[in-house]
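For reference, the structure is listed below as structure tokens.
A note on names: the letters A, B, ... follow the listed sequences, proteins ahead of strands, and every chain is numbered from 1.
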Protein chains: 2
Amino acid sequence: MNFIDHIRTFFPISDAAAEELVSKSRLASFSRHSLLHREGDVCNVLWFVEKGIVRWYYIDEDGRDITDWFASENSFVTAFDSFFQRKPSRYFIETLEDCDLYSMTYGDLESSFNRFPEIDRLSRVILLQILEEQLAKNSALQFRKASQRYRFIIEKHPDLLRRVSLGHIASYLGITQETLSRIRARRS
Amino acid sequence: MNFIDHIRTFFPISDAAAEELVSKSRLASFSRHSLLHREGDVCNVLWFVEKGIVRWYYIDEDGRDITDWFASENSFVTAFDSFFQRKPSRYFIETLEDCDLYSMTYGDLESSFNRFPEIDRLSRVILLQILEEQLAKNSALQFRKASQRYRFIIEKHPDLLRRVSLGHIASYLGITQETLSRIRARRS
DNA sequence: CGCCGAGTTGAACTGAATCAAGAAACGTGG
DNA sequence: CCACGTTTCTTGATTCAGTTCAACTCGGCG
């Protein structure tokens, strides 16, 4: 599935603008455990996951590797704290499987913004989707106990359980791997 | 301070677009504990806090009232899960002090989008600010213990401690009021 | 065959929730 | 301006979920 088809499921983009986006993007393959973006860098690329899954994480004050987000097929990914605002990021992005990703540079997207106001609007819509998922994750984790957090994954992102290692999921949920393992054992 | 002045601190808006926004917005006063928006409604208004402080919260599955966000002077507020996407919200918004708020309806903003692409872009920039604060809050809370969460408030939002009741801050931090009270007692 | 990463299991410890009771602050009306 | 009720905050005792640390299992792979 091409990313234009995906966009059209939620945003009525014109053929001209679609053409523009396609001409500015290119498809590339990455083997698993490729580092797409590194903390401290200004992120210059917006990716769209055609196939595979990537992980978005940071290293906290205590040196722990904490997963903030996963993006699998039909998701846009970039260092959202960096890409649009052109400043160094605190996140890393890595592939967890072999991936096929469309990519687009900031410069190209910027010039598309100027020529097609609807692309500007599209980017707002995508940001809203991201924001909304963040809010949903927040309320699923804040103040909830481990078993409820696990249920969140089961209900909202069941595919992750099959594709991602337990340790990454545990840090995504804000619990330890051991606790997640025990919870999963209880209900099986 | 007018909201146009605030916008101009981070976005170079033209006089024409500024004029448009001013003409579409109006200033109103609300006494403390006014309910600006209710769960289940589609939020029709974007507010800008000229004076005062508002709280953004939801009721979770167990019936607990959980504060997700505070907005004080020079912040934009709306039900971000509802306003742009025109669907029912799961959040409430209420004033915590007597407030002066600029407001703008969705319809007016929508028509401004069409006439001024830069307003479209401005809204994207504002969304990014919101998203980034959410990300920062996430990483400040996820996996951190109560005393570290408290430090987050002290460092990033010290004014809140003076203006907002302890119970609201505790739920914002994802801990109980009793725990917050004890932490605060330890260091003072 | 033996190593290695990923997952499981166990035991001890601990931070925070819960429940319950008081103290302090606030504001409303007499 | 005081008195009362309400809300907000503090303090204490108990309980429990989840972390930590450590050992062990399992399956794949060189």
If I take atom OH in residue A/Y150 and atom C1' in nucleotide C/dG7, what distance separates them, rounded to the nearest angstrom?
13 Å
Between CH2 of B/W47 and CZ of B/F76, what distance do you get to the nearest 0.5 Å?
13.5 Å
Which atom of A/C43 lies closest to which atom of A/H37, heavy atoms considered:
CB-CE1, 3.5 Å
Which whole-number value in Å describes the distance from A/R163 CZ to C/dA6 C1'?
19 Å
Euclidean distance, atom CZ of residue B/R184 to atom P of C/dA16 [Å, nearest integer]:
17 Å
Aromatic ring proximity B/Y57/B/H168, centre distance under 6.0 Å
no
Ignoring hydrogens and geometry, is there a side-chain-to-backbone donor-acceptor pair from B/S82 to B/A79 under 3.5 Å?
no
Whole-Å distance separating the CG atom of B/D62 from the C1' atom of C/dA17:
13 Å
NA contact type, B/S181, heavy-atom cut-off 4.0 Å: base, sugar-phosphate, or nothing?
base
Whole angstrom value for the distance that separates P of C/dG15 from CG of B/L141
19 Å
Using the ring of each side chain (for Trp, its six-membered ring), is A/F70 parallel, tilted or perpendicular to A/Y172, with breaks at 30° and 60°?
tilted
If I take atom CG in residue B/L161 and atom P in nucleotide D/dT8, what distance separates them, rounded to the nearest angstrom?
17 Å
Between its two end axes (five pairs each) the helix from C/dC1-D/dG30 to C/dG30-D/dC1 turns, nearest 10 degrees, through 30°
Salt-bridge present (A/R55, A/D65; N to O < 4.0 Å)
yes
Sidechain N-carboxylate O distance under 4.0 Å for B/R124, B/E118
no
What heavy-atom pair brings B/F80 and A/L131 nearest, and what distance separates the two atoms?
CB-CD2, 4.0 Å
Going by side-chain contact (heavy atoms from CB on, under 4.5 Å), A/F48 matches just one of A/N74, A/T78, A/L101. Which one?
A/N74
Assess the pair B/W56 and B/F92: is the distance between their ring centroids shorter than 6.0 Å?
no
Charged N to carboxylate O below 4.0 Å: is that the case for A/E73 and A/R163?
yes
Sort me out a list of protein N/O and nucleotides 14-19 of chain D N/O pairs below 3.5 Å, or just none if empty.
| residue | atom | partner | partner atom | Å |
| --- | --- | --- | --- | --- |
| D/dG18 | OP1 | A/A146 | N | 2.6 |
| D/dT19 | OP1 | A/T176 | N | 3.4 |
| D/dT19 | OP2 | A/T176 | N | 3.4 |
| D/dT19 | OP2 | A/T176 | OG1 | 2.8 |
| D/dT19 | OP2 | A/T179 | OG1 | 2.3 |

Atom pairs under 3.5 Å, N or O on each side, protein against nucleotides 21-27 of chain C: can you list them with distances?
none

